[in-house]
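Before any comments, here is the structure.
Just so it is clear, the model here is predicted, and its values are computed rather than measured.
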Amino acid sequence: MKLRKLLPFSVLLLVFAMAFTACAGTPAIEPAAPADSGEAMADADDMMEDYSNASRAETLIFEVDARGGQFADPELHNPYVPGGLRNQGNHQASTEPLFMLNYQTGEMEPWLGESFVPNDTFDVWTLNIRKGVRWSDGEDFNADDVVFTMNMLLEHTELSYAAAQQDWVDSVEKVDDFTVVFNLTRPNPRYQLDHHSVKIWGSLPIVPEHIWAGQDPLTFKFYDADQGWPVWTGPYILDTISPTEFSYVRDDNWWGVEAGFRDMPEPKKLIWIRSASDETAVNNFANDGIDSLMDITLGQLQAVQAQNPNVVTWFTDMPLAWVPDPCSRTFELNNAIEPWNDKDMRWALNYMIDRDEIVAIAYEGTTLKNRHPFPAYPPLDRLVDLADAAGTWDVDQLFTHSPETAAEILSGKGYTRDGDGYWTKDGDELSLEIAVHEGFIEKKRIAQVVVEQLQRQGVDAVQVNQAGQIWGDNFRNGNFESRMGWQTCGSVNEPWATLDNFNTRWLVPIGERANKNSWRWSGDNAEAFSALVDQIGALAVGDPAVDDLFVEASALLFEDLPVIPITEAKKIIPFMETYWTNWPTYDNQYIHPPTWWQHTHYIIHEVTAAQ
């Protein structure tokens, strides 16, 4: 194929607030050939070196963070519509962020942006764009692209990211080709951190105005092999697609080298594979068919280590895993449907859950119980400790496993045990469907233990594994009873981002797509809680007044318990050093290790060939 012509955890989290203020041996299994629907990108006017047939030693292979099933539409590269593809390599290799937060250093690292500075009242932010950035088709990346993207989001409520931007942004103005002013609707000290940096998973993608102008962003796929779409700024361009595999080839005209930003990354080709099953993934990894594997169990890791000595993990000893991932694991109830709209019923489920058993069985001892919807990072632990000491967030009560207390609650609600041992009321057994994303072994294993625990205590619980897009859409639209999830995700160094997920300003009826508070928590406590959260949101990160507001808000969240914290999210993320070395580890922690996040750009630039 010819390529088209391209023109020239750690305690360091404690410094996040300061950083934000300062810068605001068997034979290897070869990759499967793309399915018949795979397409190569367009021919070039001038020939460049063809990396589509790069050798295995020149190719870096990642696993997609979802197993089983297929991508419904491999040609959907619009990141703003449901099902738009991103973590199949798109945002790790091609879509570069403005900024990324480095968990290991606490620094806000500039990428496409150079700085993002607020005024004294935090309601006007000025973005300075790095000079010399080009799209992969040679067009300049500049203020026109940023302004176009933001105005598109302000005009189209249905797009991803639109609700948050319409909530916070009044207007954007181009000052010159490299300067954009964001006029906010109200003060937001964390606007850069929450919206334009890779804080968790990804960030708001800027799209090329010269291609998207005149397109309907609700239907535009942003894929055309003949025109070389998608077009992004990253050092890799899309080569082939299929329902289970995507490949990218290095763009030797990538802007970053000429601009003096970074050297060209070593891998000539990148592949992302969606494994058919856990067994397939582990076997392929053990046989050097994958270099970066997604989360696996301790037993699976030990089996790989016995077969291949080249595997490395974040820690060399227990717990081995990167703990915690910022998205704690939570048991989530639909607060808008009976009987789970009753806080006492949610507390009854909490007392039925034995978190120690979950840690022992589902995790094989490789994680910790979760004290709060927050991840256990030092700045957040300090706040939870304050609330626990004040009695507004009682960790001991939360962790109490008491079938007797649960039985008292259910009896008080009119439930009795039938001949089969299930709780019944008005002739109906108390049942519970737990929806789980089919692609994530960790969540499936948690749900399996929870189902068994609830069944033992008279609740007819059942686990339902769902395709990822269906699972996500059902959540946003309120079409679920309960689920094993992580959607309290948001805070890493300050409390507002996670707390705002519960804010009643996000409430919409069942059947309408919610952007946050998809659990649909409502009522007097929820309203009072939301008012306190809004006050926290107007304060600068690290403002001492946040402490008292958090302690007061915690009492309301604890009393209603709209979401039940379960465990800290552990990630045993193994890397294989047969072909590539210099992976991020605790002993080499240049950045955090999850390769399904957008900061994978950083990792790809750091890995070096082993042979």
Side-chain angles (χ1 to χ4, degrees), residues 9-21 24 101 103 106 108 122 164 167-168 186-195 197 199-201 324-330 332 370-395 398 486-506 515-517 519 521 525-565 568-569:
F9 262 73
S10 75
V11 295
L12 288 173
L13 284 165
L14 286 167
V15 305
F16 273 9
M18 293 184 289
F20 174 68
T21 302
L101 182 62
Y103 280 34
M108 184 74 76
F122 297 104
D167 182 41
W168 284 110
R186 60 193 184 280
N188 186 346
R190 51 191 64 77
Y191 181 69
Q192 176 194 14
L193 177 68
D194 287 345
H195 300 280
S197 67
K199 183 180 74 169
I200 298 174
W201 188 73
D325 173 281
C327 299
S328 301
R329 304 322 185 200
T330 45
E332 305 172 2
N370 181 222
R371 305 193 305 158
H372 191 276
F374 291 153
Y377 293 160
L380 302 175
D381 278 344
R382 184 188 69 81
L383 291 170
V384 176
D385 288 343
L386 287 175
D388 188 31
T392 63
W393 186 271
D394 190 332
V395 174
L398 181 72
W486 62 88
Q487 276 61 40
T488 59
C489 200
S491 292
V492 294
N493 63 319
E494 57 84 31
W496 180 85
T498 286
L499 299 182
D500 192 56
N501 287 327
F502 297 93
N503 202 311
T504 56
R505 66 194 173 93
W506 301 109
N515 287 283
K516 295 184 182 180
N517 196 2
W519 315 285
W521 180 38
N525 279 358
E527 293 290 346
F529 170 88
S530 299
L532 293 168
V533 171
D534 289 342
Q535 292 182 56
I536 292 174
L539 298 174
V541 174
D543 191 310
V546 168
D547 290 359
D548 288 343
L549 291 169
F550 174 78
V551 168
E552 185 178 354
S554 295
L556 303 166
L557 190 67
F558 189 81
E559 180 180 346
D560 279 17
L561 202 66
V563 166
I564 301 174
E568 295 294 340

Among Trp393, Phe550, Phe502, find the one that has a ring-ring contact (aromatic ring centres under 6.0 Å, His included) with Phe558. Trp393
Derivation and outcome, side-chain contact (heavy atoms from CB on, under 4.5 Å), residues Glu527 and Leu556: CA-CA 10 Å; Glu527 293 290 346; Leu556 303 166; over 6 Å; no
Could you measure the distance from the CD atom of Gln487 to the CG atom of Asn501? Nearest 0.5 Å is fine. 9.0 Å
Counting C-beta onward and ignoring hydrogens, is there a side-chain heavy-atom pair between Val546 and Trp496 closer than 4.5 Å? no
Heavy-atom side-chain proximity of Arg371 to Asp381 below 4.5 angstrom: yes
How far does CZ of Arg329 sit from OG1 of Thr488, to the nearest 0.5 angstrom? 9.5 Å
If you measure from CG on Asp325 to SG on Cys489, what distance do you get to the nearest 0.5 Å? 6.5 Å
Across all chains, not counting sequence neighbours, the side-chain contact (heavy atoms from CB on, under 4.5 Å) partners of Ser491 are Phe374, Leu380, Ala497, Thr498
Taking all non-hydrogen atoms of both residues, which atom of Pro326 and which atom of Val492 are closest, and how far apart? CB-CG1, 3.8 Å
Once salt bridge (charged side-chain N to carboxylate O under 4.0 Å, His left out) is applied, what residue pairs with a partner in residues 486-497 remain, sequence neighbours excluded? Arg190-Glu494
Donor-acceptor pair, Asn515 side chain versus Trp506 backbone, under 3.5 Å? no
Can you tell me which residue pairs pass the side-chain hydrogen bond (donor to acceptor under 3.5 Å, both in side chains) test with a partner in residues 541-551, sequence neighbours excluded? Arg382-Asp547
Note, Tyr103 side chain near Ile200 side chain (heavy atom, < 4.5 Å): yes
Testing the basics here: between Ala569 and Cys327, what is the closest heavy-atom pair and its distance to 0.1 Å? CB-O, 3.2 Å
Show me the donor-acceptor pairs, under 3.5 Å and distance only, between side chains in residues 529-537 and residues at least two apart or in other chains.
{"residue": "Ser530", "atom": "OG", "partner": "Asn503", "partner atom": "OD1", "Å": "3.3"}
{"residue": "Ser530", "atom": "OG", "partner": "Thr504", "partner atom": "N", "Å": "2.9"}
{"residue": "Ser530", "atom": "OG", "partner": "Thr504", "partner atom": "OG1", "Å": "3.2"}
{"residue": "Ser530", "atom": "OG", "partner": "Ala526", "partner atom": "O", "Å": "2.8"}
{"residue": "Asp534", "atom": "OD1", "partner": "Asn503", "partner atom": "ND2", "Å": "3.0"}

Taken in chain and number order and not counting sequence neighbours, the residues that satisfy salt bridge (Lys or Arg N to Asp or Glu O under 4.0 Å) with Glu568 are none
Are the side chain of Asn370 and the backbone N or O of Pro565 linked by a donor-acceptor pair below 3.5 Å? no
Using every non-hydrogen atom in the two residues, find where Pro189 and Ala538 come nearest and quote the distance to one decimal. CG-O, 4.1 Å
Under the rule for salt bridge (Lys or Arg N to Asp or Glu O under 4.0 Å), what residues qualify as partners of Asp500, not counting sequence neighbours? Arg505, Lys516
Measure the CG-CG distance between Asp394 and Asp388 for me, rounded to the nearest 0.5 Å. 6.0 Å
Check whether Lys199 reaches the backbone of Leu101 with its side chain - one donor and one acceptor, N or O, closer than 3.5 Å. no
